[in-house]
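Fair warning: this is a prediction, and the values are worked out from it, not measured in the lab. Counting from 1, the numbers follow the sequence of the chain as shown.
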Amino acid sequence: MLWSSFTEKDGWPLTTETYVQQIVSMLEPHRNEVNAVPMQAYMKDQFPFLGIRTPERRRLTRQIFNDIGIPDANDLRAVILRLWDMPQREYQYVSLSILDKFKTRFSVYHIELLEYTISHKSWWDTVDDIASHLVGHYFTLFPEQMTTYLAKWLSANNMWLQRTAILCQLGWKGRTNENILYDTIEKCSRSKEFFIRKAIGWALREYSKTNPSSVRAYVESHPELSGLSRREALKVIERSIDSPGTESSDDDPWGTPHVRQIVPK
């Protein structure tokens with residue numbers, strides 16, 4: 001369901017604040033302090049949590065969309081910024097669900113909103129989902145924007161924007177722009193940051209499922225890649241040699257899974 005400018009429903013006007021408060025009223029009764037402790041610890045105490053586990057949060061999010069829909073283009077930014085400003089991490093997860101519902105209607109200007117969510121309250125749980133599902137989709141809609149924004153992010157002194165630049169083609173398979181992928185990785189290859197090194201390995205590993213010979217050749221010709229990046233990049237290739245027909249699973253919480261997988265069950 002998609003409403004235009006929060007048109008009236010059931011006799012009351014749905015303003016931005018009313019919309020956000022409806023989300024709060026839906027999630028708050030399910031607060032669970034017992035769950036919140038390990039969930040916060042899993043995120044290295046970066047953010048407080050309501051303590052709503054993934055399956056329940058997904059169910060509640062579906063109910064929110066059924067009850068009040070999602071904002072239209074005129075109100076999307078205000079809603080996302082309001083939810084992003086809330087302390088508990090579940091509100092940022094709901095924001096990403098809203099953006100995922102909306103993404104087929106992205107305009108060229110929505111990259112600025114995505115950039116904001118990457119660079120504020122940044123951690124791998126949201127950034128990886130934004131990079132692979134939202135930014136990646138945006139660039140399929142507006143490919144002419146890709147080189148401009150990747151150049152901007154790679155030159156920024158922001159690890160999370162750089163990680164996004166590396167990961168934004170995840171899942172593109174045969175549509176991957178190999179030149180852009182390798183150029184992006186090369187610009188980050190000497191980084192000492194764990195999350196950059198891990199992202200490089202992840203991006204190369206995913207592309208190796210489509211073009212293993214190209215990835216192997218790239219890794220072998222770039223000795224400056226960290227050991228971590230090299231090991232991650234070649235996992236699928238080497239495993240397929242040892243055990244044909246198998247693939248590596250992305251089960252390492254420090255760089256590989258996206259937000260749909262991360263909250264402890």
Side-chain angles (χ1 to χ4, degrees), residues 1-6 16 19 58 61-62 64-65 69-84 92-122 124-156 158 160-185 187-188 199-200 202-207 209-211 250 256-261:
M1 183 188 305
L2 187 69
W3 297 335
S4 174
S5 293
F6 302 128
T16 296
Y19 184 92
R58 288 173 176 162
T61 302
R62 287 194 298 269
I64 289 167
F65 292 159
I70 63 171
D72 77 350
N74 293 327
D75 304 289
L76 181 71
R77 178 179 174 82
V79 169
I80 297 302
L81 294 183
R82 179 73 177 84
L83 290 170
W84 215 261
Q92 283 87 69
Y93 296 159
V94 172
S95 294
L96 296 188
S97 295
I98 292 171
L99 287 167
D100 191 64
K101 280 279 190 181
F102 189 89
K103 68 183 180 182
T104 58
R105 300 182 64 215
F106 278 162
S107 76
V108 68
Y109 304 107
H110 282 114
I111 190 64
E112 297 175 4
L113 180 59
L114 298 180
E115 188 177 69
Y116 180 92
T117 61
I118 296 163
S119 56
H120 292 75
K121 294 192 173 180
S122 310
W124 64 266
D125 58 332
T126 54
V127 168
D128 291 2
D129 196 61
I130 297 164
S132 59
H133 292 94
L134 300 176
V135 170
H137 183 77
Y138 174 90
F139 286 144
T140 65
L141 296 177
F142 307 103
E144 72 280 0
Q145 297 293 317
M146 192 171 184
T147 55
T148 299
Y149 275 91
L150 294 193
K152 176 184 177 184
W153 294 344
L154 290 170
S155 63
N158 185 307
W160 300 107
L161 289 171
Q162 293 167 359
R163 183 172 167 97
T164 299
I166 296 167
L167 297 179
C168 66
Q169 294 191 77
L170 283 181
W172 284 24
K173 300 181 180 180
R175 296 181 295 115
T176 301
N177 187 315
E178 185 177 285
N179 290 334
I180 290 178
L181 175 65
Y182 290 161
D183 183 63
T184 300
I185 288 171
K187 287 181 169 61
C188 298
I200 289 171
W202 184 11
L204 289 172
R205 183 174 72 247
E206 285 300 305
Y207 187 50
K209 297 173 186 177
T210 298
N211 196 337
D250 297 337
T256 52
H258 54 73
V259 71
R260 292 176 176 83
Q261 301 168 318

Find out whether Leu113 and Leu81 are in side-chain contact, i.e. whether some heavy atom of one side chain is under 4.5 Å from a heavy atom of the other.
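Yes - at least one pair of side-chain heavy atoms lies under 4.5 Å apart.
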Side-chain contact test, heavy atoms from C-beta onward, threshold under 4.5 Å: evaluate it for Asp72 versus Asp75 and give yes or no.
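With C-beta onward as the side chain, the pair touches.
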Side-chain ([X]) to main-chain ([Y]) donor-acceptor, under 3.5 angstrom:
X: Trp153; Y: Thr164; answer: no
X: Gln145; Y: Phe139; answer: no
X: Gln169; Y: Gly136; answer: no

Between [atom1] of [X] and [atom2] of [Y], what distance do you get to the nearest 0.5 Å?
X: Ile166; Y: Leu204; atom1: CD1; atom2: CG; value: 9.0 Å
X: Thr184; Y: Asn177; atom1: OG1; atom2: CG; value: 9.0 Å
X: Ile185; Y: Ile180; atom1: CD1; atom2: CD1; value: 12.0 Å
X: Lys103; Y: Leu96; atom1: NZ; atom2: CG; value: 11.0 Å
X: Tyr149; Y: Glu144; atom1: OH; atom2: CD; value: 11.0 Å
X: Ile118; Y: Cys168; atom1: CD1; atom2: SG; value: 9.0 Å

Do you know the tightest heavy-atom contact between [X] and [Y]?
X: Leu99; Y: Phe106; value: O-CZ, 4.1 Å
X: Gln162; Y: Ala156; value: NE2-O, 2.8 Å
X: Trp84; Y: Thr117; value: CZ2-O, 3.3 Å
X: Thr176; Y: Trp172; value: OG1-CB, 3.5 Å
X: Glu206; Y: Leu170; value: CG-CD2, 3.5 Å
X: Cys188; Y: Leu154; value: SG-CD2, 3.5 Å

For Lys152, which residues count as a side-chain hydrogen bond (donor to acceptor under 3.5 Å, both in side chains) partner, sequence neighbours excluded?
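Counting only residues at least two positions away or on another chain, Lys152 forms a side-chain hydrogen bond (donor to acceptor under 3.5 Å, both in side chains) with Glu115.
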Arg62 vs Phe65, side-chain contact (heavy atoms from CB on, under 4.5 Å): CA-CA, chis, key distance, verdict:
CA-CA 5 Å; Arg62 287 194 298 269; Phe65 292 159; 5.7 Å; no
Have a look at Tyr93 and tell me which of Asp129, Thr126, Asp125, Thr61 forms a side chain to side chain donor-acceptor pair (under 3.5 Å) with it.
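The option that passes is Asp125.
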Intermediate values then yes/no, side-chain contact (heavy atoms from CB on, under 4.5 Å), Tyr19 and Arg82:
CA-CA 10 Å; Tyr19 184 92; Arg82 179 73 177 84; over 6 Å; no
Evaluate the criterion side-chain contact (heavy atoms from CB on, under 4.5 Å) for residue pair Ile80 and Ser95; output intermediate values, then yes/no.
CA-CA 6 Å; Ile80 297 302; Ser95 294; 4.0 Å; yes
Between the side chains of Glu178 and Tyr207, is a donor N or O closer than 3.5 angstrom to an acceptor N or O?
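Their side chains do contain a donor-acceptor pair, which is all the 3.5 Å distance test asks for.
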Report the C-alpha distance between Leu76 and Ile70 in whole Å, list the side-chain angles of each, state the deciding distance to 0.1 Å, and finish with yes or no for side-chain contact (heavy atoms from CB on, under 4.5 Å).
CA-CA 8 Å; Leu76 181 71; Ile70 63 171; over 6 Å; no
Aromatic rings Tyr138 and Phe142: how do their planes relate, parallel, tilted or perpendicular, breaks at 30° and 60°?
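Aromatic pair Tyr138/Phe142 classed tilted.
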